[in-house]
Participant: 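Please read through the structure below; I'll follow up with questions.
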Amino acid sequence: MGLVHAEIELINAEDVGAARRGFIKSQDVRRMTVNALVDSGAYMMVIPEHVRLQLGVEIIEHSEAEYANGEIETVPVVGPIVIKFANRRTVADAMVLGNQVLLGSIPMEAMDVVIHPRTQTLMVNPENPTMPKMIVK
């Protein structure tokens with residue numbers, strides 16, 4: 001299987017809350033649409049520094065990131081970020097590294113989306129087309 005990319009919207013979740021409470025106008029909520037690499041082998045959402053700056057999300061902690069070659073690096077973790085795809089949304093933190101947005105398995109599972117192997121596209125889970133289904137047992 002080749003690389004899978006998807007267009008997703010990223011939104012500063014704290015701005016959403018501020019708009020909801022009337023502290024800022026809804027048009028002032030920082031958001032952007034990006035072409036993300038979809039990687040079901042990665043856990044976290046990853047954003048580069050320039051995306052963090054555009055969204056205005058704050059560093060909330062640092063965490064270790066382990067790369068495929070075994071190298072470990074301490075990186076900032078930011079959030080919260082609203083992630084939207086099709087008729088799905090979730091809120092997640094993101095590691096800040098690299099130069100590309102990466103959508104990992106944790107936000108993918110939260111949105112109940114899957115990778116279609118033949119078309120190599122991200123899609124809403126066909127078993128639950130109208131809304132995400134979460135297993136809580």
Participant: Please table the atom pairs, donor to acceptor, closer than 3.5 Å between any side-chain atom in residues 43-52 and protein atoms at least two apart or in another chain.
Facilitator:
unit_1, atom_1, unit_2, atom_2, d
Glu49, OE1, Arg52, NE, 3.1
Glu49, OE2, Arg52, NE, 3.2
Glu49, OE2, Arg52, NH2, 3.0
Arg52, NH1, Val57, O, 3.0

Participant: Is there a continuous path of hydrophobic side-chain contacts, each under 4.5 Å between heavy atoms, that joins Met32 to Val78?
Facilitator: yes
Participant: To check you understand the geometry: which heavy-atom pair defines the closest contact between Ala86 and Val124, and what is its length?
Facilitator: CB-CG2, 3.7 Å
Participant: List for me each residue that meets salt bridge (charged side-chain N to carboxylate O under 4.0 Å, His left out) alongside Arg30, sequence neighbours excluded, and say none if there are none.
Facilitator: Asp15
Participant: Under 3.5 Å, which donor-acceptor pairs do the side chains of residues 97-108 form with other protein atoms, sequence neighbours left out?
Facilitator:
unit_1, atom_1, unit_2, atom_2, d
Gln100, NE2, His5, NE2, 3.2
Ser105, OG, Ala42, O, 3.1

Participant: Quick one: which residue pairs count as a salt bridge (charged side-chain N to carboxylate O under 4.0 Å, His left out) with a foot in residues 94-110, not counting sequence neighbours?
Facilitator: none
Participant: Do Arg89 and Ile83 have side-chain heavy atoms sitting under 4.5 Å apart?
Facilitator: no
Participant: Report yes if the side chains of Ile115 and Val38 come closer than 4.5 Å at any heavy-atom pair, otherwise no.
Facilitator: yes
Participant: Could you tell me if the side chain of Leu10 sits less than 4.5 Å from the side chain of Leu55, heavy atoms only?
Facilitator: yes
Participant: With a sphere of 6.0 Å drawn around CE of Met131, does it hold more than 12 non-hydrogen atoms of other residues, nucleotides or ligands?
Facilitator: no
Participant: Can you give each donor-acceptor pair under 3.5 Å made by side-chain atoms of residues 59-73, sequence neighbours left out, with the distance rounded to 0.1 Å?
Facilitator:
unit_1, atom_1, unit_2, atom_2, d
Tyr67, OH, Glu73, OE1, 2.4
Asn69, OD1, Glu71, N, 2.9

Participant: State which residues pass side-chain contact (heavy atoms from CB on, under 4.5 Å) with Glu14; sequence neighbours excluded, sorted by chain then number.
Facilitator: Asn12, Pro80
Participant: Kindly write out the residues that satisfy side chain to side chain donor-acceptor pair (under 3.5 Å) with Ser26, not counting sequence neighbours, or none if the list is empty.
Facilitator: none
Participant: So do Leu37 and Val4 actually touch side chain to side chain, heavy atoms under 4.5 Å?
Facilitator: no
Participant: Hey, could you give me the OG1/CE distance between Thr74 and Met95, rounded to the nearest 0.5 Å?
Facilitator: 9.0 Å
Participant: Would you please name every residue forming a salt bridge (charged side-chain N to carboxylate O under 4.0 Å, His left out) with Glu9, sequence neighbours left out?
Facilitator: Arg31
Participant: Which residue pairs pass the side-chain hydrogen bond (donor to acceptor under 3.5 Å, both in side chains) test when at least one of the two sits in residues 125-137, sequence neighbours left out?
Facilitator: Asp112-Asn125, Asp112-Asn128
Participant: For a 4.5 angstrom cut-off between non-hydrogen side-chain atoms, does Pro132 reach Met111?
Facilitator: no
Participant: Connecting only ILVMFWY residues whose side-chain heavy atoms lie within less than 4.5 Å of each other, what is the rest of Val91's hydrophobic cluster?
Facilitator: Ile11, Val16, Ile24, Val29, Val82
